[in-house]
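Comments concern the structure below.
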Number of protein chains: 2
Amino acid sequence: MAIEPELVKSANEALAIAEGRLEPAAVFEPATVDVAAIRKAQNLSQGRFAERYGLPLSTIRDWEQGRRRPDRAAHLLLRLIEAEPDVVARILSSSE
Amino acid sequence: MAIEPELVKSANEALAIAEGRLEPAAVFEPATVDVAAIRKAQNLSQGRFAERYGLPLSTIRDWEQGRRRPDRAAHLLLRLIEAEPDVVARILSSSE
DNA sequence: TCAGAGTGTACGGCAATGCCGTATAGGCGG
DNA sequence: CCGCCTATACGGCATTGCCGTACACTCTGA
């Protein structure tokens with residue numbers, strides 16, 4: 001197996017970070033969100049949840065089934081729905 | 001020019017709706033959002049806006065330049081940012 | 001007992017977006 | 001004149017958004 005310069009570089013970087021000689025770069029957080037949990041905390045079925053927040057049912061399904069991962073905007077929105085469900089619902093209903 | 005059965009069908013449908021014989025189907029609202037306006041209302045540059053709400057600058061750009069249109073989740077999020085900027089910022093900052 | 005409604009899992013599939021990068025241009029302070 | 005900030009424009013690929021269909025399970029009323 002040939003030596004991969006890129007891997008060597010990365011390994012040295014990891015070592016440097018581990019030893020505190022380097023700051024870890026911004027990492028792309030897996031950003032997991034338990035959509036089902038957020039939804040269930042509000043006692044809503046997938047359908048009613050989707051309807052309540054104006055999102056496509058199929059998209060909710062994809063998220064819950066792990067087939068797709070919500071992008072950043074969706075991610076933030078979900079956290080808002082989790083923390084302030086009524087505020088979100090109010091904004092949505094106003095002017096729609 | 002050949003007759004297009006689909007168009008004829010649509011035309012008849014439109015007529016039926018116009019005459020009240022049929023309910024208009026759910027229409028996909030163009031759902032335009034003036035991201036730049038929302039951002040400027042908060043006196044933020046594209047960069048600071050993106051940073052403030054944890055969104056990729058490139059995505060903000062795409063939206064403002066009309067190259068891409070925010071999907072439903074993003075759309076709702078933008079309306080939340082517009083109406084309740086501080087609530088959104090607060091939720092975002094908590095736990096990140 | 002069985003048809004039907006409601007809920008959820010699973011997945012095919014295409015158009016469209018998300019997000020990264022680079023090039024270009026105008027304004028501004030040093 | 002150079003560097004910095006801000007914004008427009010766009011190439012490009014992986015991934016998602018969203019629609020549709022098929023199945024399985026549970027509950028309810030005829």
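A, B, ... follow the sequence lines: proteins, then strands. Residue 1 opens every chain.
The shortest distance between side-chain heavy atoms of B:Leu80 and B:Val87 does not fall below 4.5 Å.
Protein atom CG of B:Leu55 is 17 Å distant from nucleotide atom P of D:dT16, rounded to whole Å. Regarding B:His75, its NE2 atom lies at a distance of 15 Å from the C1' atom of C:dT17, rounded to whole Å. Whole-Å rounding puts the B:Arg48 CZ to D:dC4 C1' distance at 15 Å. What separates CZ of B:Arg72 from P of D:dT16 is a distance of 19 Å, to the nearest Å. Note: CZ (B:Arg69) to C1' (D:dC18) measures 15 Å, nearest angstrom. As a whole-Å value, the separation of B:Leu44 CG from D:dC5 P is 16 Å.
One axis for each end of the helix from C:dT1-D:dA30 to C:dC28-D:dG3, each built from five base pairs, and the angle between them comes to 30° at 10° resolution.
Look at B:Gln46 and you'll find a side-chain N or O under 4.0 angstrom from OP1 or OP2 of D:dT8. Checking the phosphate oxygens (OP1, OP2) of D:dA7, a side-chain nitrogen or oxygen of B:Arg39 falls inside 4.0 Å.
Remark: B:Arg67 engages B:Asp62 in a side chain to side chain contact (heavy atoms under 4.5 Å, CB included) (not counting sequence neighbours). A:Glu82 pairs by the side chain to side chain contact (heavy atoms under 4.5 Å, CB included) definition with A:Ile38, not counting sequence neighbours. For B:Glu64, the salt bridge (Lys or Arg N to Asp or Glu O under 4.0 Å) partners are B:Arg39, not counting sequence neighbours.
Residue pairs meeting the salt bridge (charged side-chain N to carboxylate O under 4.0 Å, His left out) criterion with at least one partner in residues 84-93 of chain B, sequence neighbours excluded, are A:Glu84-B:Arg90, A:Arg90-B:Glu84. A salt bridge (charged side-chain N to carboxylate O under 4.0 Å, His left out) check over residues 42-58 of chain A, counting only residues at least two apart or in different chains, returns nothing. Among residue pairs with one or both ends in residues 53-74 of chain B, those qualifying as ring-ring contact (aromatic ring centres under 6.0 Å, His included) are B:Phe49-B:Tyr53; sequence neighbours excluded.
Along DNA chain D, the nucleotide nearest to B:Asp71 and the one nearest to B:Ser45 differ in position, and the one closer to the 5' end is contacted by B:Ser45.
Taking each heavy atom of B:Pro70 and B:Val33 in turn, the nearest pair found is CG-CG2, 4.3 Å. For the pair A:Ala50 and A:Ile60, the tightest heavy-atom approach, listed with the atom from each and the gap, is CB-CG1, 3.9 Å.
A heavy-atom distance below 4.0 Å to DNA chain D is reached by these residues of residues 56-68 of chain A, ordered by number: A:Pro56, A:Ser58, A:Thr59, A:Asp62, A:Trp63, A:Arg67, A:Arg68.
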